[in-house]
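All values reported here derive from a predicted model rather than from experimental measurement.
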Amino acid sequence: MSRLLRRQGWVAGLFALLVILFIITKLIQPGYGSGDFGSLARAVLPYAFAVAAQTVVVIAGGIDLSVAAMMALTSVTAASMMNGASEEYALFVVPFVLAMGFVLGAVNGILIIVTRVPDIVVTLAMLFVLQGAALLVLDAPGGAVAEWLKGLISGTVPIPGLPDAIDAWLPKALLVLIICLCIIWIPLRRSKLGLSIYAIGSSELAAFRSGVPVARTRIIAYALSGLFAAFGGLALTMSTGIGAPIPGPYLLASVAAVVLGGVALGGGKGGLLGPIVAVFVLRLVRTDLTLLAIDPNVTAIIEGAIMVAVVMFGAFITMRGRQ
Amino acid sequence: MTANPLLDATGVAKNYGAVAALRNASLSVLPGEVHALMGANGAGKSTLVKILTGAIRADAGRILIRGEARDVRSPAAARRAGLLPVYQEPSLIPDLDVLSNLRLTGTPVEPFRAWVRELGIPDLDIRDTARDIPLAVLRVLDLARALAVEPDVLLLDEMTAALPANLAEKVLEVVRRQGDSGRAVIFISHRFVEISALCDRATVLRDGETVGVVDIVPGVEEKIVELMLGARIVKTHVAARGASRNAATGRPRLGVRNLRVGTKLNDVSFDLADGEVAGVVALEGQGQDELFSALAGSIRPSGGTIEVDGQPVKFSHPIDAIRAGLAYVPGDRAEALAMQRSVRENIALPFSAALRNWGPINMRQERARVVSAIERLQIDTRAQGEVQRLSGGNQQKVTIARWIAADARTILCFDPTRGIDVGTKQEIYKLLRELAGHGKSVLFYTSELEEVQRVCDRVIVIFGGRVVDIFPVEETDEPALMRAAYGLPRGAKADVGILADPTANISDSTTPVAAP
Amino acid sequence: MADRPLIPLIILLVILVVILQVLRPGIVNERWIANTIKFAIPLAILAGCQTMTMLTGGIDLSVGTVATMSAFIMATQVVNQDPAVAFLLAMMPAVLIGLVNGIGVGVFRVHPLIMTLGTSLIGTGCLQVYQRTVIASGAKIPDFLAWLGTGVTYGFPNALLLFVPLAALIVFTLSRTGFGRLLYAVGDSERATRLSGVQYWQVITALYVISSVLAGVTGLLYIGLIKAPSLSLAEPLVLPSVAAAVIGGTSIFGGRGGYTGTIIGALILTVLTTLLTILQMPEGARRILFGLIVLFVTAAYLRIVEER
Amino acid sequence: EGKYTIGISNTVQGNGWREEMVCAMKAQALASGEVTKLNIAHRNTDAAGQLEDIRNLISAKVNAIVVNPADPAGIKAGLEEATKAGIVVVAVDQAVTEPSAYIISNNQEQYAYLGAKWLFQQMGGKGEVFYMRGAAGASADSDRDKGFKKALAEFPDVKVAQEVFTGWQQDQAKQQMLSFLATGTPINGIWTSGIDNVIVDALVESQAPLVPIVGADNAGFVGQLSSVKDLVGAAVTNPGSIGGAGVTLALQILDGKKPAQQTVLVEPQLWENATEEGKAKLKAAADPSLSPEWPVSISIPDWTTYTKEQIVACKGPGE
Ligand SMILES: Nc1ncnc2c1ncn2[C@@H]1O[C@H](COP(=O)(O)OP(=O)(O)OP(=O)(O)O)[C@@H](O)[C@H]1O
Ligand SMILES: Nc1ncnc2c1ncn2[C@@H]1O[C@H](COP(=O)(O)OP(=O)(O)OP(=O)(O)O)[C@@H](O)[C@H]1O
Ligand SMILES: O[C@@H]1[C@@H](O)[C@H](O)OC[C@H]1O
Ligand SMILES: [Mg+2]
Ligand SMILES: [Mg+2]
């Protein structure tokens with residue numbers, strides 16, 4: 001128990017912070033209800049996938065600067081493929097776009113291995129390439145999305161046996177998020193591959209000596225990052241109904257949430273839960289500031305300051321750890 | 001033991017750039033045998049283990065496993081071939097718990113647990129994260145993990161070095177039984193007690209080459225020492241010390257009192273006088289790295305004091321040490337040099353360090369100082385545009401020239417002749433003596449014992465993080481230094497029996513030795 | 001040594017100009033040259049920031065925000081303030097952001113890329129909030145800045161009056177001052193400099209402040225050129241500034257490079273942009289090309305360094 | 001003694017037109033006396049960001065939301081949720097596709113058609129035009145594109161030399177103009193989506209030939225049309241004060257006075273400097289006291305009630 005607390009202490013603290021924020025929200029806006037929580041869940045969705053994408057590579061000891069660009073590219077690809085197409089066609093588009101994210105992510109990893117250029121430079125270069133590709137797919141926001149996909153993240157699902165009062169607090173967007181992340185993350189976490197990802201992030205040398213295929217594992221970590229980013233791109237298209245070629249603020253947000261979520265930028269440590277809770281925290285801060293009618297640019301300052309402070313704090317901790 | 005060898009390696013070579021870690025190593029291990037692999041620090045033992053277990057690739061050589069040529073390309077392949085190593089450094093993934101580490105390597109959990117108990121750790125929680133486990137226990141876990149898969153050949157690289165006596169004993173027991181059950185163990189250790197208690201035969205490496213295979217019989221230790229040291233054993237003093245020996249007069253230039261650094265350095269005290277070269281003698285990892293780093297201001301001591309000219313000083317950055325006149329020349333030249341910069345910039349680097357010197361450089365003055373240092377050390381400047389194009393020896397000279405140019409009063413030289421040719425070595429010896437002649441003081445660690453006699457006035461022997469002896473250089477010869485370095489009392493001359501004496505402080509349980 | 005790639009770079013520049021002249025005969029005239037130089041100058045100064053930070057193995061992505069802030073603050077403050085006061089106010093955020101960057105990178109050891117992205121996020125937020133407060137007072141471009149930014153005298157852009165001394169100063173700093181030496185040495189091997197007594201945080205903090213101040217000056221020059229204060233004025237110059245430094249032969253890993261190459265790099269990019277516009281290359285393709293160039297050049301330099 | 005809270009969402013910041021729009025909203029809210037508080041989400045963002053802003057405004061339980069949409073399709077779901085939550089939704093300046101929302105805007109298709117047609121006539125019905133659009137994805141931009149294309153179809157000999165999105169940002173537009181000039185491509189006219197005075201500056205500063213140019217009724221451009229030598233051009237009206245009208249419309253609906261149609265269009269006018277009559281109009285409209293990026297039409301008859309001082313002061317209720 002004590003070990004669980006020690007290990008999950010950071011996440012527990014974040015949860016507590018989230019609860020406090022919810023209480024504050026309720027105080028500012030006594031009418032804050034299940035519908036508003038649904039809005040929060042939908043706002044969280046693309047950020048959560050972005051941060052999942054970042055988390056995998058950071059755990060593997062890397063960083064991915066192309067997350068937001070990957071989301072933009074997958075988003076415009078999905079939106080332009082579905083434009084004017086039938087509802088059923090989307091059944092093909094979704095796996096196609098996910099596979100595309102996976103493959104392009106793997107390209108990131110392969111380039112890092114083959115060129116031996118540091119990950120930060122490779123993914124920066126890929127940021128431009130993916131952005132450019134997104135602009136070639138759609139030079140302006142547009143496209144369309146199948147209705148059933150939109151429906152997938154709006155409203156709630158009636159869960160038999162659950163009273164409506166509880167059910168109302170389970171927005172579909174949240175369920176989609178949980179299902180998509182769990183389907184990939186839980187088996188991964190339990191598999192040898194998952195262990196290998198932690199292992200190369202923790203100590204590449206020890207991992208190699210333990211028989212971990214380091215290069216292959218690194219490529220797969222980037223591929224998974226691409227896959228999560230593709231989920232994020234799809235989530236964007238599902239919530240807006242269009243694809244936008246200019247990347248949103250997801251790169252910085254993902255780094256901020258990763259660090260805030262207790263994943264060390266050095267690799268090997270942390271999980272997915274912390275960063276996801278961190279995303280909820282950051283989004284709820286924005287909601288609260290809007291409820292208080294504070295200039296949204298102040299929110300940008302606060303988000304930036306949280307990020308810089310947390311990254312500095314994280315760097316400070318790593319520095320102390322190294323000494 | 002006429003069986004075919006389980007493992008047979010011949011002609012193994014490995015180069016790291018200019019450094020030849022292995023030149024021509026061979027090793028043949030029979031079933032049921034515990035085979036010692038011996039050699040001085042840097043002889044290539046670990047490198048050979050890494051090659052045999054696929055952790056690095058050899059440049060040349062042939063490896064037969066059960067008589068078949070095998071190309072072991074990765075640790076996983078070695079494992080499949082039945083070769084399991086316990087490397088000199090712990091190999092568990094620091095951020096994973098023990099159980100996950102087992103899963104990662106496909107190690108069966110129950111046998112592992114059994115071995116851990118057997119090895120004297122009854123209460124291991126396999127949910128503990130490796131990072132939180134003490135080093136000694138980690139070493140045991142590494143071993144248990146290897147044993148759990150019942151390897152044909154177990155390779156143990158300084159397995160017992162970090163263990164307290166009780167755990168070491170268990171390990172020796174277990175290893176012995178491995179041999180008895182028909183498997184083979186390759187056992188690396190600097191402790192002769194362990195070798196004679198445990199091993200059947202020993203292969204001795206010197207400078208990357210196999211120089212002998214001996215059966216372990218009483219009295220063989222002297223022979224092994226001989227093999228390990230080679231021709232050097234008979235060297236006598238050559239040092240031409242003309243300088244004044246005023247170590248006893250006046251305040252010492254540098255005083256070290258009860259210095260402690262973490263667990264690596266315990267209670268070290270000594271003095272260094274102006275005009276003196278003091279040699280530090282120690283096996284690898286006895287705390288000398290920490291001592292030099294602390295004196296250089298690179299790490300902060302956890303206790304004790306450092307005095308310069310009688311004044312206590314506290315260093316929080318190398319600049320503090322430099323201001324106090326202590327200049328550090330690290331053993332690894334890559335650590336000291338900006339490889340892509342010119343010889344001149346590297347030598348002049350300390351000039352610009354202080355804020356007030358950030359402005360325009362007086363090029364003429366700088367040039368004069370740099371040129372004079374270059375001439376003094378006779379640095380070959382044909383490729384001076386980038387230090388990385390210099391030969392190793394010349395690079396080493398640049399690291400020293402910097403402090404000659406800066407006119408440092410005390411130079412802390414850590415193994416400055418590593419990988420350097422004989423001629424250059426002579427120049428460096430001469431230079432150090434000259435410095436002493438000009439009243440400078442030098443603290444000099446070398447991994448080549450012979451140099452101590454050539455250069456030093458006094459010898460400071462460190463073992464297990466403590467100063468075990470200090471004596472004038474005249475009172476010693478190389479075998480005596482060797483013994484001293486191994487923590488054996490002086491005076492116990494060539495009495496081989498003592499090498500096997502289990503009561504000697506070699507296995508003192510408080511001694512954390514030979515960490516990587 | 002830093003200028004080794006200079007000759008091939010100049011050749012590349014000349015080739016690009018020749019292609020341009022072939023595609024659009026007569027385009028290369030005195031006016032075109034003056035305009036091209038005028039545009040290359042702000043880019044070249046920002047690329048100077050990247051050159052210096054990259055020499056230490058860093059990067060400064062906040063230069064765009066800093067330049068924009070100083071430009072915007074200048075244009076809005078000069079309406080009610082003495083130009084000298086407005087100038088000081090305009091340079092304040094530059095110093096501040098540089099200081100925060102320097103401390104984050106030098107003391108806390110945050111990766112420069114993340115650090116400078118973070119501060120630029122905060123800076124942009126602050127600027128937007130500030131913009132809200134000065135909406136009523138309007139903006140004005142001081143005549144002097146307009147003269148400097150857009151003016152041409154005897155065929156030479158007036159901006160050269162600022163740029164030539166500035167560039168000379170940067171080149172001199174890099175090659176003939178203790179600080180310049182330290183930038184190279186720190187980027188080459190931080191450990192080595194530490195052992196020589198260099199305090200990393202001092203060098204890095206000074207560096208990022210200098211970089212930020214240069215960015216602030218660029219902002220003032222650029223507002224004189226564009227004459228339209230906006231919230232994202234210099235943002236489009238940031239990534240090209242990195243590219244200009246990389247193309248000019250400065251290694252993103254530190255320790256290698258120089259400013260003269262960067263200047264040619266900036267000219268090359270300016271001419272290349274013109275060329276791509278003439279070729280009607282779509283924006284998307286341009287970005288792809290840009291990314292590939294950065295990756296290719298970095299990988300190539302890595303090979304060259306390894307070969308030694 | 002107001003009774004309503006109104007939420008505002010806008011996604012282009014730092015553009016003079018949009019700033020005037022927000023000031024008009026504030027001034028009108030104040031002048032109406034019916035508004036206790038404005039909750040203004042005014043920042044640079046995209047459809048996804050605007051969606052988040054709108055949903056947060058819904059959570060803030062505002063009575064009405066006045067929105068200048070980043071992308072009609074992109075925020076449809078949010079507007080629908082607002083209506084479902086009983087919030088009055090008014091889109092200003094640009095159309096939205098959500099049927100429950102009310103729209104009050106300039107007739108954007110007509111705006112572009114008027115200007116483009118005049119421009120092509122000035123060009124003598126032939127030649128190359130530099131087409132400087134607004135923000136990609138915005139409906140005002142796509143509506144204007146329709147109007148532009150309609151005019152283009154009437155002049156088969158007019159060709160588009162190059163098409164760029166300015167994002168409705170002054171500095172971007174100027175940079176695009178300058179880099180286009182650097183290519184030496186000959187052009188005969190320039191159509192801008194309301195980012196105009198900086199384009200004239202760019203031509204003058206680069207000593208490039210002044211070709212006919214169409215912009216909006218922004219104070220700076222209107223002034224240039226009367227003062228810059230040899231400049232031929234036209235300003236098409238596009239009042240930023242439409243924001244104030246949007247607030248008025250929202251208040252009317254809240255007070256139970258729904259308009260007959262969902263969409264209210266303001267018809268644009270064209271003021272050119274090629275004829276004496278046009279010059280007189282320009283002179284009458286000019287207002288050098290305004291910021292050059294602010295449209296001179298700072299009020300809309302029947303829709304706004306604030307004074308010039310009020311809109312220039314840019315203060316809303318409670319400020
Ligand atoms: N990665 C490396 N790069 C450069 N040189 C190396 C490397 N690894 C080992 N060496 C060099 O190769 C030589 C042999 O090293 P090795 O570690 O095999 O010695 P050892 O016999 O195990 O010594 P010890 O008893 O100190 O453990 C040494 O000179 C060492 O400095
Ligand atoms: N890439 C290079 N460019 C220019 N000169 C070089 C280059 N590499 C080596 N040299 C010069 O050639 C000479 C021989 O260098 P080399 O490294 O072969 O010496 P070495 O025999 O290995 O000496 P050491 O034992 O000191 O390492 C040196 O003077 C060196 O400065
Ligand atoms: O004309 C433009 C307006 O209609 C648009 O929506 O915002 C910016 C303006 O310049
Ligand atoms: Mg070893
Ligand atoms: Mg050599």
Practice task
Check D:T36, D:L38, D:I6 against D:P317 for a side chain to side chain contact (heavy atoms under 4.5 Å, CB included) and give me the one that passes.
Solution key: D:L38
Problem - Engaged part of C:T36 at the chain D interface, taking heavy atoms whose separation is under 4.5 Å - result: neither
Exercise for the section: Report yes if some heavy atom in the side chain of C:Q77 is under 4.5 Å from a heavy atom in the side chain of C:V85; otherwise report no. Expected result: no
Handout entry: Winner by heavy-atom pair count (cut-off under 4.5 Å) against chain D, out of C:L20, C:T277, C:T270, C:T273
Key = C:T277
Completion exercise
Whatever's closer than 4.5 Å to a heavy atom in chain D on C:S232 counts as both
Problem - Leading residue by heavy atom contact count with chain C [cutoff under 4.5 Å; candidates D:E19, D:Q162, D:Q172] - result: D:E19
Fill in the blank from the handout: Applying a strict 4.5 Å limit to non-hydrogen atoms, the region of C:L231 in contact with chain D is side chain
Handout entry: Region of C:L127 that comes under 4.5 Å of a non-hydrogen atom in chain D
Key = neither
Problem - N/O donor-acceptor pair under 3.5 Å between D:T192 side chain and D:V214 backbone - result: yes
Exercise for the section: Could you check which of D:A182, D:P292, D:G184, D:G16 has the highest count of heavy-atom pairs closer than 4.5 Å to chain C? Expected result: D:A182
Practice task
Could you tell me whether D:E205 and D:K174 have a side-chain N and a carboxylate O separated by less than 4.0 Å?
Solution key: yes
Practice task
With a 4.5 angstrom heavy-atom cut-off, could you sort out which part of D:Q207 is near chain C: side chain, backbone, both or neither?
Solution key: both
Handout entry: D:T11: which of D:T45, D:D53, D:N68, D:N44 passes side chain to side chain contact (heavy atoms under 4.5 Å, CB included)
Key = D:T45
Problem - Main-chain N/O of D:I195 paired to D:W17 side chain as donor or acceptor, under 3.5 Å - result: no
Completion exercise
Among D:Q13, D:Q175, D:E293, the residue with the most heavy-atom pairs under 4.5 Å to chain C is D:Q13
Practice task
Please flag which part of C:F72 lies under 4.5 Å from any non-hydrogen atom of chain D: side chain, backbone, both or neither.
Solution key: neither
Exercise for the section: Please examine the side chains of D:M25 and D:V92, heavy atoms only from C-beta on, and report whether any two atoms are closer than 4.5 Å. Expected result: yes
Exercise for the section: Tell me, out of C:A146, C:P236, C:A228, who's got the most heavy-atom pairs with chain D below 4.5 Å. Expected result: C:A228
Practice task
Say whether, by atom type as modelled, one donor and one acceptor occur between the side chain of D:Q176 and the main chain of D:F165 under 3.5 angstrom.
Solution key: yes
Handout entry: Close side-chain approach of C:I226 and D:V198, heavy atoms under 4.5 Å
Key = no
Practice task
Select, from C:K38, C:E283, C:Q128, the one with the greatest count of heavy-atom pairs under 4.5 Å involving chain D.
Solution key: C:Q128
Completion exercise
Per-residue tally against chain C (heavy atom, under 4.5 Å) across D:L181, D:N15, D:L178 peaks at D:L178
